[in-house]
Amino acid sequence: MKKIIKNQQINWNGETKTFQFTKYLIENDSDFDFMLSKIKESNKIAFDTENGNGEKDSALNPKFARPAGFSISVNGKEGFYIPIEHKDIKTNFQKRFNEIFENKKMIIFWNSIYDGAISESLYNNNLSNYKWYDCMIAQHLLDAFQSKGLKYNTERYFKIKQLKHNFEKKDACQVNASSLFEYACDDAIYTYLHYLRTKEEIKKQNLSNLLLNIEGEFLKVLAKIKLNGIAFDIELAKQIEETLLKDKENIIKEIIKVTPQIKTSKNLLGEVKPLINLNSSQELTKLLYDTLNLPVTKENKSGKPAVDSEALNLMKDNFNEWLHPICPLLIKYKEIQKLISAYTHTLYDKVVDGRIYGDLKDHGTESGRLSAENPNLQQLPKNDTYQIRSLFKSSPGYKMMVSDFGQEELRVAGVLTGSPAFKDSFNQGKDLHLKVANDCYNLGIPEECLVETHPQYKVYKDKFDKQRFYAKSINFGLLYGRTAYGLAPQLKCSVEEAQKIVDDYFKTFPDVRIAIDNTNREIKVKGYVSNMFGRRRRFNKIEKGGKSFYPPSALREGFNHKIQGGCADILRVVMVEVHKYIMKQPKDQIRILTTIHDEIVFEIKDDNRLMEHTKQINYIMQNTVKLPIKLETDFDIGNNYGEAK
DNA sequence: CTCAGATGCGCC
DNA sequence: AAAGGGCGCATCTGAG
């Protein structure tokens, strides 16, 4: 058994201390038995894996990676590396994987989604019978601002640089275990040390329940989702791409036709090409405002004339006629160009065995929401003419079922403010926006007619359409901290009139004003706000002119955090319960494919239990988190994401 | 060449 | 003092 002993100075609780680290390479069964004897007393174990590229995809995809080996530590002093497949050694230790976890209660990870998925995919044990403590998520709950890498945080907190290892060809399997094991052991050792470092602080900040019982369980669901992937229709994607490219060429021709000022060139095939790059906002600025002399309808963030679709859309005269025919054509061009660049080759390049394995990140946002990447499935266009969503389909023999919470943020806002108008509306099936308009502007609509199923409801809704629109604007503005200044353009009125509308609103619903003021006070006194699950969002003061204060954006973000972050944690709790239900069914009966903030996407076997599962899942979504305002869901079933909404 | 910032745009 | 919260990503641009 190879062994490395090192004494190293690290920062521990603010003091420099000398730690002795011992790192072992497990080479045979007697080494393995020795390791088991060394770890048997502990019920917690830090765990990390090293993997090579599989035949189909990179090591970063747990479904297709190849196991190189894994490392463990039960005390932050000794680390063991258990090799599986390396240039210099190949073992069958996969078969002894489960022995390592005997008598253990908690697994400590740095990025449990990955190592949890690897465990299930490559070691046939998804580790879900144990508690999970993910140090990366702990770190995120304590400090959302800083980077979340293990090495970065080791250097930051322990003031020591972890070993670097250059994987030849980026493939751990092609490296000798004898040269890799010290590096690999360090990952487990430092993961354990980060556990020791974060756990007291987590407790002190009342984040234990959130981290261990909510996040810990939810990460198991995310690991499963990662392995599931989602089926993608490559053939259809190529068809759509062809149409898009053809439409783009036609639009360009039209643009050239109506804008003779654009210089063109002919290539060898005789095709006419514009000499302007329509994707360059800089060149568009010159064209629109210098060459064509169009009026500036909107400025971008840095005060320069905007050339986005919104600016173009405003280039109309008093009779609502376009000031120049290029405007609508450019709007169309931008839409097509966006779809081509984001949803054709970039998507089907990611397909492995017919599926896309994107990432849902549990630590990507300050508000507690999930973020999605590679690709970002949270921003697939909706109702576009090219039907991009239909590219994502259910597996053969399955239906796609999508269920989303209706008006979730407004409901949580109602809970937060305790406003009877909100509670009353949602619990009795009333139209909240019309109810608010009725109270605010004394419309005199009988209360019972506000119920959406009442025969007179539609009549009143149409009659007071404008007032309802005002109320709706301000209800949604509430979620984002919108002021009269921002509300005015939307309501097409002056700032003074908008201010009057806001004042009327707060006069009618004082609870809302109080909730906002309380949040403001919370920020000033504590420097952070917490949502209903204890998740915090922290704020930094700014220094200006000798004064130190929280910027106005902090208030908007703080109030929004309670709502948006509250919804995000409701989703976590709900998905954990849905996942438990799924685990009780026969294998692969139901799969969670992804989630989009207030929506969960499933595929369910297309048999006689499809509707039963659908109803059960929706029941769980509505009833797991009990609030004074009930949660409701809507679902759709189809063969692809376009059909299932 | 790489990289970061700006711009713009898709979604909840 | 700013003037709507939360994201990811394609593309262009200029700097090094």
Open item on the list: Measuring to OP1 and OP2 of B/dC12, would you say a side-chain N or O of A/K382 lies under 4.0 angstrom away?
Closed with: yes
Task: SB check A/R156 A/D143 (cutoff 4.0 Å) - done: yes
TODO: For the pair A/K500 and A/D503, find out whether any cationic side-chain nitrogen is under 4.0 Å from an anionic carboxylate oxygen.
DONE: no
TODO: Determine the contact category for A/A568: base if any of its heavy atoms lies under 4.0 Å from a base atom, sugar-phosphate if only primed atoms, P, OP1 or OP2 are that close, otherwise nothing.
DONE: nothing
Open item on the list: Applying a 4.0 Å non-hydrogen cut-off, can you work out what A/N277 is touching in the nucleic acid: base, sugar-phosphate, or nothing?
Closed with: sugar-phosphate
Open item on the list: Does a side-chain N or O of A/N300 approach OP1 or OP2 of B/dA6 to a distance below 4.0 Å, or not?
Closed with: no
Open item on the list: In whole Å, I'd like the distance from the CG atom of A/L339 to the P atom of C/dG8.
Closed with: 20 Å
- [ ] Pick base, sugar-phosphate or nothing for A/Q282, based on heavy-atom distances below 4.0 Å to the nucleic acid.
- [x] sugar-phosphate
Task: CG-NZ distance between A/L292 and A/K286, expressed to the nearest 0.5 angstrom - done: 14.0 Å
Open item on the list: Using the P atom as the point on both nucleotides, what is the distance between B/dT7 and C/dA3, in whole Å?
Closed with: 15 Å
Open item on the list: I'd like to know if A/K164 and A/E155 make a salt bridge, using a cut-off of under 4.0 Å between side-chain N and carboxylate O.
Closed with: no
TODO: Compare side-chain N and O positions of A/S371 against OP1 and OP2 of C/dG8 and report whether any pair is under 4.0 Å apart.
DONE: yes
Open item on the list: Check this one for me: any side-chain N or O of A/N374 less than 4.0 Å away from OP1 or OP2 of C/dC9?
Closed with: yes
Task: Side-chain ion pair, A/E599 and A/K382, N-O less than 4.0 Å - done: no
Task: Angle by which the axis turns from one end of the helix from B/dC1-C/dG16 to B/dC12-C/dG5 to the other, five pairs per end, to 10 degrees - done: 0°
Open item on the list: Mind checking if A/G486 touches a base, just sugar-phosphate, or nothing, with heavy atoms under 4.0 Å?
Closed with: sugar-phosphate
TODO: Starting from P on C/dC7, measure out to OH on A/Y480 and report it in whole angstrom.
DONE: 13 Å
Open item on the list: Measure CD/A/E373 against P/C/dA10 and give the value in whole Å, please.
Closed with: 11 Å
TODO: Tell me what A/Q564 touches on the nucleic acid: a base, only sugar-phosphate, or nothing, going by heavy atoms under 4.0 Å.
DONE: base
Open item on the list: OP1 or OP2 of C/dT13 versus the side-chain N and O atoms of A/S280: is any pair under 4.0 Å?
Closed with: yes
TODO: Could you pick out which residue, A/Y485 or A/H597, lies toward the 5' side of DNA chain C when each is mapped onto its nearest nucleotide?
DONE: A/Y485
Open item on the list: Categorize A/R556 for me: base, sugar-phosphate, or nothing, with a 4.0 angstrom heavy-atom threshold over every strand shown.
Closed with: sugar-phosphate
Open item on the list: Students often get this wrong, so: under 4.0 angstrom with heavy atoms, is A/S553 touching a base, only sugar-phosphate, or nothing?
Closed with: nothing
Task: Backbone of A/I262 reached by a side-chain donor or acceptor of A/T259 within 3.5 Å - done: no
Open item on the list: Nearest whole Å is fine: how far is C/dG6 C1' from A/D598 CG?
Closed with: 13 Å
- [ ] May I ask you to say whether A/E249 pairs ionically with A/K246, meaning some side-chain N is under 4.0 Å from a carboxylate O?
- [x] no
Open item on the list: Looking at A/K301, I'd like to know whether one of its side-chain N or O atoms comes within less than 4.0 Å of OP1 or OP2 on B/dA6.
Closed with: no
- [ ] Answer with base, sugar-phosphate or nothing: what part of the nucleic acid does A/I596 contact at a heavy-atom distance below 4.0 Å?
- [x] sugar-phosphate
Open item on the list: Within the 4.0 Å heavy-atom criterion, would you say A/L380 contacts the bases, only the backbone, or no part of the nucleic acid?
Closed with: sugar-phosphate
- [ ] Consider the side chain of A/R482, meaning its heavy atoms from C-beta on, and name the nucleotide among C/dG4, B/dT7, B/dC11 that approaches it most closely.
- [x] C/dG4
Open item on the list: On DNA chain C, compare the nucleotides closest to A/P375 and A/R369; which residue's is nearer the 5' end?
Closed with: A/R369
TODO: Respond yes when some side-chain nitrogen or oxygen of A/R537 is under 4.0 Å from OP1 or OP2 of C/dG6, and no when none is.
DONE: yes
- [ ] Could you check whether A/E366 gets within reach of a base, just the sugar-phosphate, or nothing at all, counting any heavy atom under 4.0 Å?
- [x] sugar-phosphate
Task: Atom-to-atom span, CG of A/N531 to C1' of C/dG6 - whole angstrom - done: 14 Å
- [ ] Give A/P552 one of three labels, base, sugar-phosphate or nothing, depending on what nucleic acid heavy atoms sit under 4.0 Å from its own.
- [x] base
TODO: Report yes if a side-chain nitrogen or oxygen of A/N279 is closer than 4.0 Å to either non-bridging phosphate oxygen (OP1 or OP2) of C/dT11; otherwise report no.
DONE: no
- [ ] Would you tell me if any nitrogen or oxygen in the side chain of A/S367 comes within less than 4.0 Å of OP1 or OP2 on C/dC7?
- [x] no
Open item on the list: Does this structure show an ion pair linking A/D308 with A/K334, if we count only N-O contacts that are shorter than 4.0 Å?
Closed with: no
- [ ] May I ask you to say what A/E408 touches in the nucleic acid, namely base, sugar-phosphate or nothing, with a heavy-atom cut-off under 4.0 Å?
- [x] nothing
Task: Nucleotide of C/dG6, B/dT7, C/dT13 approaching A/E283 most closely (side-chain heavy atoms) - done: C/dT13
Open item on the list: Checking A/D247 against A/Y386: is there a side-chain donor and acceptor pair closer than 3.5 Å?
Closed with: yes
- [ ] Look at all strands and tell whether A/D384 reaches a base, only sugar-phosphate, or nothing, counting heavy atoms closer than 4.0 Å.
- [x] nothing
TODO: Starting from P on B/dG10, measure out to CD on A/Q337 and report it in whole angstrom.
DONE: 12 Å
Open item on the list: Side chain of A/K544 only, heavy atoms from C-beta on: which candidate in B/dG8, C/dA2, C/dT11 is closest?
Closed with: C/dA2
Task: For atom CZ of A/R535 and atom P of C/dG5, their distance in whole Å - done: 20 Å
TODO: Starting from C1' on B/dC12, measure out to CZ on A/F476 and report it in whole angstrom.
DONE: 11 Å
Task: Polar pair under 3.5 Å, donor/acceptor by atom type, side chain A/E557, base C/dG5 - done: no
Open item on the list: Applying a 4.0 Å non-hydrogen cut-off, can you work out what A/V495 is touching in the nucleic acid: base, sugar-phosphate, or nothing?
Closed with: nothing
Task: Ring centres under 6.0 angstrom apart (A/F405, A/H597) - done: no
